[in-house]
Amino acid sequence: MLIVKKFGGSSVANAERVKNVANRIVESYKEGNDVVVVLSAQGDTTDDLIAKAEEINPNPSKREMDMLLATGEQQSVALMAMAIHALGVPAISLNASQCKIASSSNYGNARIKNINSERIFNELDRKNIVIITGFQGINKFGDVTTLGRGGSDTSAVALAAKLNADLCEIYTDVDGVYTCDPRIVKKARKLKEISYDEMLELASLGAKVLHNRSVELAKKYNVNLVVRSSLTNAEGTIVKEGSAVERMLVNGVAVDKDVSRIAIIGVKNEPGIAFKLFSMLAKAKISVDIILQSIGRDDKKDISFTVASTDLNDALKVMENNKDRFAYEKIDHDDNVAKVSIVGSGMATNAGVAATMFEALYNENINIRMISTSEIKISVLVDKNDADRAANAIHDKFMLESEVR
Ligand code: ADP
Ligand code: ASP
Ligand code: MG
């Protein structure tokens, strides 16, 4: 079998863990498999590099930021190759440039466009274990890009798709996908399997166990995907095409603490304002999430919306720079918020799900700041301090800890 195995930052955090992972990889290789490994930067390396940059320039160039961040993954792959060599097994590390992972040009959030599999297959033919840097790509200028936080999952799935791998295993510090982040909800239940669509929704709403684009790609190319633990042999969670019969009312709860709310106070109460505002942001490649517009009073109204916290400064800058095109009284922003969401493909046909969710929050005396709904999810914005309590209350209310509901 050709297997792509991805190990996240905590799984390779120190020498002991690198050696432990090396052993697991070699075990699979000795069973006769062709093994391609994708690695993240060790432990908190990426966060540390970001902090280092900020010490020097609070507003660093995105290109230089990617040059810096990509070094984390490069350290991991070289160290892993050394650990495998120490076990007497041939291995070679490669970065994005060496295996030609072509990406779009936008630094910090690039998308993989293509991968040249030739070098990888050559190395596999030479009986090497091939260890590839996650998280990075090369754009049309030949420069290093990164794929967004958590992007190594996407590197792994993209490689699995391109190499036509039999299996893509995402090894992490939990032993599968749960009904909610098990660090937040102790009673969360591990799922045996989850559909691509539900996983995509959970990941997009903040369940960072998988990078959302990795799930998108897995669905598109029908990649055999499993999430499991790098520390135990517990059976993981299979992510696959879902069957309609299994549709659950609510499948899981997601918590996203990396959101910020922006409020534009006192814009003109006339047609075209929302269009101008959101097209400006779209041009700057800033995704806007929940949007709320107040009822107009006199000739003024307010618009609030949420963005990813990493986009907050850029969003504020866009509005500041366009102040003459777009008159407003003032702009407020708030980092102290979190988004809590429920996901379930059976939700669309069932009345009362929203009411049940809001009741759970009311019982905990948690104030809802914003609401957004779609066919398969409901999200609320709450104070960051209330987020974990909200997730637990909602999880309890929908009895997600038990399989039969
Ligand atoms: P890695 O470094 O291996 O990529 P991440 O920290 O990116 O690991 O993702 C794993 C983490 O995802 C877990 O430690 C857990 O806290 C979090 N998580 C969030 N939602 C879920 C969920 N529904 N099921 C499992 N883990 C989740
Ligand atoms: N090292 C990168 C990050 O911390 C990519 C990843 O871990 O997936 O976001
Ligand atoms: Mg991750």
Side-chain angles (χ1 to χ4, degrees), residues 5-13 17 21 38-51 65-66 68-77 96 108-110 112 132-137 145-158 169-194 198-215 226-231 234 236-237 239 250-258 308 310 338-343 387-388 391 394-395 400-401:
K5 294 173 185 282
K6 179 258 171 179
F7 294 87
S10 52
S11 303
V12 293
R17 295 216 176 154
V21 166
V38 176
L39 297 182
S40 292
Q42 290 185 286
D44 295 330
T45 303
T46 309
D47 289 329
D48 295 345
L49 289 170
I50 292 172
M65 204 61 202
D66 279 3
L68 180 68
L69 294 191
T71 62
E73 271 65 17
Q74 198 153 324
Q75 292 179 23
S76 294
V77 292
N109 198 21
I112 294 181
I132 300 173
T133 48
F135 187 49
Q136 48 178 265
T145 59
T146 64
L147 309 179
R149 296 306 305 268
S152 295
D153 300 329
T154 298
S155 309
V157 173
E169 295 175 311
I170 306 290
Y171 287 87
T172 182
D173 56 359
V174 285
D175 57 5
V177 179
Y178 282 70
T179 48
C180 186
D181 186 338
R183 294 182 203 288
I184 295 177
V185 174
K186 294 282 172 272
K187 283 195 254 172
R189 176 171 51 89
K190 187 167 103 182
L191 301 166
K192 262 194 153 43
E193 45 185 62
I194 184 167
E198 282 155 349
M199 188 64 238
L200 182 56
E201 204 66 30
L202 278 179
S204 307
L205 291 167
K208 62 176 182 161
V209 62
L210 284 176
H211 193 229
N212 60 351
R213 286 215 302 282
S214 74
V215 188
V226 58
V227 177
R228 51 187 304 193
S229 162
S230 63
L231 296 166
T237 301
V239 188
V250 174
N251 265 84
V253 179
V255 180
D256 188 350
K257 294 181 181 169
D258 297 320
T310 44
K339 186 171 67 168
V340 180
S341 313
I342 55 176
V343 172
D388 291 3
I394 294 166
H395 198 274
L400 296 181
E401 75 280 6

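Whatever order the structure lists them in is the order used to number ligands and atoms, beginning at 1. Throughout, residue positions are numbered sequentially from 1 according to the sequence presented.
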Do the side chain of Thr237 and the main chain of Val227 share a donor and acceptor less than 3.5 angstrom apart?
-> no
Please indicate whether any nitrogen or oxygen in Lys6 is less than 3.5 Å from any nitrogen or oxygen in ligand 2.
-> no
State if Gly151 counts as touching ligand 2 under the rule of any non-hydrogen atom under 4.0 Å.
-> yes
Please check if any side-chain donor atom of Asp66 sits under 3.5 Å from a side-chain acceptor atom of Thr145, or the reverse.
-> no
Among Arg149, Lys208, Gln42, closest by any non-hydrogen atom to atom 3 (C) of ligand 2 | Arg149
Atoms of ligand 2 under 4.0 Å from any heavy atom of Ser152, numbered from 1 in the order shown, are 5 (C), 6 (C), 8 (O)
With heavy atoms and a 4.0 Å threshold, my read on which part of His211 contacts ligand 2 is neither
Judging by distance only, is a nitrogen or oxygen of Gly150 under 3.5 angstrom from one on ligand 2?
-> yes
Could you check Lys208, His211, Lys6 and say which one makes a side chain to side chain donor-acceptor pair (under 3.5 Å) with Asp153?
-> Lys6
Between OG of Ser152 and CG of Leu39, what distance do you get to the nearest 0.5 Å?
-> 8.0 Å
List, for ligand 1, each N/O atom that has a protein N/O partner under 3.5 Å away, with both atom names and the distance.
from	atom 1	to	atom 2	distance (Å)
ligand 1	2 (O)	Gly9	N	3.1
ligand 1	3 (O)	Thr172	OG1	2.7
ligand 1	4 (O)	Lys6	NZ	3.1
ligand 1	7 (O)	Lys208	O	3.4
ligand 1	8 (O)	Thr172	OG1	3.1
ligand 1	9 (O)	Lys208	O	3.4
ligand 1	14 (O)	Asp173	OD1	2.8
ligand 1	14 (O)	Asp173	OD2	3.4
ligand 1	14 (O)	Arg183	NE	2.9
ligand 1	14 (O)	Arg183	NH2	2.9
ligand 1	16 (O)	Asp181	OD1	2.8
ligand 1	16 (O)	Asp181	OD2	3.1
ligand 1	16 (O)	Arg183	NE	3.0
ligand 1	23 (N)	Tyr178	O	3.0
ligand 1	24 (N)	Tyr178	N	2.9

Approximate separation, where rounding is to 0.5 Å, of Arg213 CZ and Ser204 OG = 10.5 Å
Answer whether the closest heavy-atom distance between the side chains of Val340 and Val253 falls below 4.5 Å.
-> yes
Taking the side chain as every heavy atom from C-beta outward, state whether Thr179 and Glu401 have any atom pair closer than 4.5 Å.
-> no
Give, for atom OG1 of Thr46 and atom CD of Glu73, the distance between the pair rounded to the nearest 0.5 Å.
-> 5.0 Å
Keeping the roles fixed (side chain from Arg149, backbone from Thr310), state whether a donor-acceptor pair exists under 3.5 Å.
-> no
When distances are taken from atom 7 (O) of ligand 2, the protein heavy atom at minimum range is Ser40 OG, 3.1 Å
